[in-house]
Amino acid sequence: MSLKALIFDVDGTLADTERDGHRVAFNTAFAAAGLNWRWSEELYGELLAVTGGKERIRYYLQRHHPEWLEKEGIEQTILSLHESKTAHYQTLVKGGAIPLRPGIKRLLQEARAQSMMLAIATTTTHSNVAHLLQATLGAHSLEWFAVIGAGDVVPAKKPAPDIYHYVMQQLGLSAQQCLAIEDSAQGLQAAQAAGIATLITFNEYTREDGFDGALAVLDHLGEPDQPCQQVSGACRCGEYVTVETLINGLA
Ligand code: XBP
Ligand code: MG
């Protein structure tokens with residue numbers, strides 16, 4: 001069956017948002033609330049085991065301040081902290097702090113030119129996706145995507161496959177007609193559990209993740225003047241990933 005849609009993860013895939021974006025925004029929200037919690041780059045790497053910002057705060061408390069989970073109103077506290085974090089994150093993104101990764105804009109434009117459908121499957125908050133797309137690809141770039149599946153639209157976040165099932169249902173396509181682009185083991189597990197072939201572009205936080213069964217594992221999508229390095233996978237990607245590469249990789 002032929003390839004009809006590319007489904008992109010956001011954090012770590014479209015852009016390296018975690019270390020200098022989400023992590024910084026969490027720390028700013030904690031400081032603004034008078035909390036001395038501070039997530040170092042290293043600690044944040046451990047906390048990324050759990051997807052979703054609210055879920056990540058709860059996981060941090062379980063591991064580092066379990067007494068907080070006994071406090072009355074803790075769920076509201078987590079919600080308020082997350083709301084504040086989201087606002088700080090969006091200020092960073094609007095200020096241009098987070099560029100797209102190599103090859104992303106080129107591949108999106110090429111896919112559009114070839115009438116390939118585009119979609120997003122992410123655990124982050126929808127408005128974060130909107131801010132990132134608008135800041136990097138322009139005011140109308142949300143319209144490039146037939147479906148943006150984000151955040152709490154499904155109850156179970158990655159590595160559960162729910163967000164991919166949601167996106168496929170909205171697209172009206174089967175798994176065989178889609179290809180996912182992800183950066184992490186949790187993302188790969190989610191897409192694979194939904195039956196979708198997946199290409200991985202890892203980053204500093206995910207380079208040691210397990211990527212068994214991925215179509216290809218690359219350091220990034222590559223550009224004509226910035227070749228990518230392929231680590232594994234049967235899909236031969238050459239110096240940079242094109243729509244043709246992906247169609248051939250699925251054949
Ligand atoms: C990455 C995530 C998210 C973000 C924070 O999502 O795990 O939790 O770190 O987002 P993906 P929120 O790789 O699926 O794009 O704080 O908005 O939840
Ligand atoms: Mg990701």
Side-chain angles (χ1 to χ4, degrees), residues 8-33 35-65 68 75 77-102 104 120-137 141-142 148-154 156-160 163 181-190 200-209 220:
F8 286 81
D9 168 53
V10 173
D11 296 301
T13 300
L14 291 186
D16 275 322
T17 52
E18 294 292 6
R19 189 191 63 191
D20 301 331
H22 291 293
R23 184 186 69 90
V24 171
F26 279 113
N27 283 333
T28 310
F30 299 151
L35 296 163
N36 66 355
W37 308 344
R38 192 186 167 277
W39 292 358
S40 66
E41 290 179 21
E42 196 190 348
L43 172 61
Y44 195 66
E46 292 163 28
L47 300 177
L48 282 173
V50 170
T51 62
K54 297 181 285 292
E55 293 82 352
R56 192 167 299 142
I57 296 172
R58 206 171 291 119
Y59 178 61
Y60 167 72
L61 294 177
Q62 275 161 13
R63 289 171 68 111
H64 297 274
H65 304 284
W68 271 80
E75 289 307 317
T77 304
I78 291 173
L79 279 181
S80 308
L81 285 170
H82 188 253
E83 240 176 66
S84 162
K85 173 262 170 179
T86 299
H88 291 300
Y89 175 77
Q90 293 177 4
T91 302
L92 282 171
V93 168
K94 262 196 254 179
I98 317 276
L100 294 177
R101 295 190 71 194
I104 290 290
I120 297 263
T122 175
T123 62
T124 201
T125 306
H126 190 287
S127 55
N128 290 347
V129 184
H131 277 77
L132 182 68
L133 294 177
Q134 281 161 351
T136 54
L137 294 168
S141 53
L142 262 79
I148 297 183
D152 297 325
V153 71
V154 288
K157 293 183 178 166
K158 300 174 190 175
I163 195 69
I181 303 184
E182 278 280 359
D183 71 300
S184 68
Q186 296 100 319
L188 175 62
Q189 282 166 36
I200 295 290
T201 54
F202 60 80
N203 53 59
E204 286 311 312
Y205 274 130
T206 63
R207 66 165 62 237
E208 305 296 337
D209 282 10
H220 52 72

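The figures here come from the full heavy-atom set of this structure, side chains too, leaving out hydrogens, waters and symmetry mates. Each residue takes its place number in the sequence, starting with 1.
Between the OG1 atom in Thr122 and the CD1 atom in Ile148 there is a gap of 10.0 Å [rounded to 0.5 Å]. Atom CD1 of Ile98 sits about 6.0 Å away from atom CG of Leu92, to the nearest 0.5 Å. Rounding to the nearest 0.5 Å places CZ of Arg207 at 14.0 Å from CD1 of Ile200. Remark: Ile78 CD1 to Lys54 NZ distance equals 10.0 Å, nearest 0.5 Å. Taken from NE2 in His22 to CZ in Phe26, the straight-line distance is 7.5 Å, to the nearest 0.5 Å. Separating the CG atom in Asp11 from the CG atom in Leu132 is a distance of 8.0 Å, to the nearest 0.5 Å.
Under a cut-off of 6.0 angstrom, the local environment of CD in Glu83 is sparse, with at most 12 non-hydrogen atoms contributed by other residues, nucleotides or ligands.
In terms of modelled atom types and a separation under 3.5 Å, the side chain of Thr206 and the main chain of Asp183 share a donor-acceptor contact. Distance alone, capped at 3.5 Å, places no donor-acceptor pair between the Thr125 side chain and the Ser127 backbone. Between the side chain of Asp209 and the backbone N or O of Ser184 there is no donor-acceptor pair closer than 3.5 Å. Within the 3.5 Å criterion, the main-chain N or O of Arg23 finds no donor-acceptor partner in the side chain of Glu18. When atom types are taken as modelled, the side chain of Asn27 and the backbone of Trp39 share a donor-acceptor pair closer than 3.5 angstrom. Side chain of Tyr205 to main chain of Asp16: no donor-acceptor pair is present (N/O by atom type, distance under 3.5 Å, no hydrogens or angles). Within the 3.5 Å criterion, the main-chain N or O of Ser80 finds no donor-acceptor partner in the side chain of Ser84.
Using a 4.0 Å cut-off between a side-chain N of Lys or Arg and a carboxylate O of Asp or Glu, Glu55 and Lys157 qualify as a salt bridge. By the 4.0 Å N-to-carboxylate-O rule, Lys158 lies close enough to Asp9 to be salt-bridged with it. A salt bridge between Glu75 and Arg58 is present, with a side-chain N of the basic residue lying under 4.0 Å from a carboxylate O of the acidic one.
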Item to complete: Step by step, work out the side-chain contact (heavy atoms from CB on, under 4.5 Å) result for Leu142 and Gln134.
Response: CA-CA 7 Å; Leu142 262 79; Gln134 281 161 351; 3.8 Å; yes
Item to complete: Would you please test Tyr89 and Thr124 for side-chain contact (heavy atoms from CB on, under 4.5 Å) and show each step?
Response: CA-CA 11 Å; Tyr89 175 77; Thr124 201; 5.6 Å; no
Worksheet entry | Verdict with supporting geometry, His126 and Asp152, side-chain contact (heavy atoms from CB on, under 4.5 Å) | CA-CA 9 Å; His126 190 287; Asp152 297 325; over 6 Å; no
Worksheet item: Yes or no on ring pair (Phe, Tyr, Trp, His ring centres under 6.0 Å) for His65 and Trp37, after CA distance, side-chain angles and deciding distance?
Response: CA-CA 10 Å; His65 304 284; Trp37 308 344; 5.7 Å; yes
Fill in: Stepwise side-chain contact (heavy atoms from CB on, under 4.5 Å) test for Thr86 and Asn128
CA-CA 7 Å; Thr86 299; Asn128 290 347; 3.4 Å; yes
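Looking at Arg63 and Tyr59, their side chains do bring a donor and an acceptor atom within 3.5 Å of each other.
Thr13 approaches Arg101 most closely through the heavy-atom pair O-CD, 3.3 Å. Minimum interatomic distance between Trp68 and Leu61 (heavy atoms only, all atoms of both residues): CB-CD2, 4.0 Å. Taking each heavy atom of Gln189 and Pro159 in turn, the nearest pair found is OE1-CB, 3.3 Å. Across every non-hydrogen atom of Ala33 and Leu81, the tightest pair is CB-CD2, 3.7 Å.
With a 4.5 Å cut-off on side-chain heavy atoms, Lys94 and Thr91 do not count as touching. Side chains of Ile120 and Val10 form a contact here, defined as non-hydrogen atoms less than 4.5 Å apart. Asn203 is not listed as a side-chain neighbour of His220, based on a closest heavy-atom distance of 4.5 Å or more. For the pair Leu137 and Leu100, the minimum side-chain heavy-atom distance is below 4.5 Å. Put simply, the side chain of Arg56 reaches to within 4.5 Å of the side chain of Tyr44, judged on heavy atoms.
With Leu14 as the partner, the side chain to side chain contact (heavy atoms under 4.5 Å, CB included) test is satisfied by one option alone out of Thr201, Leu133, Thr136: Leu133.
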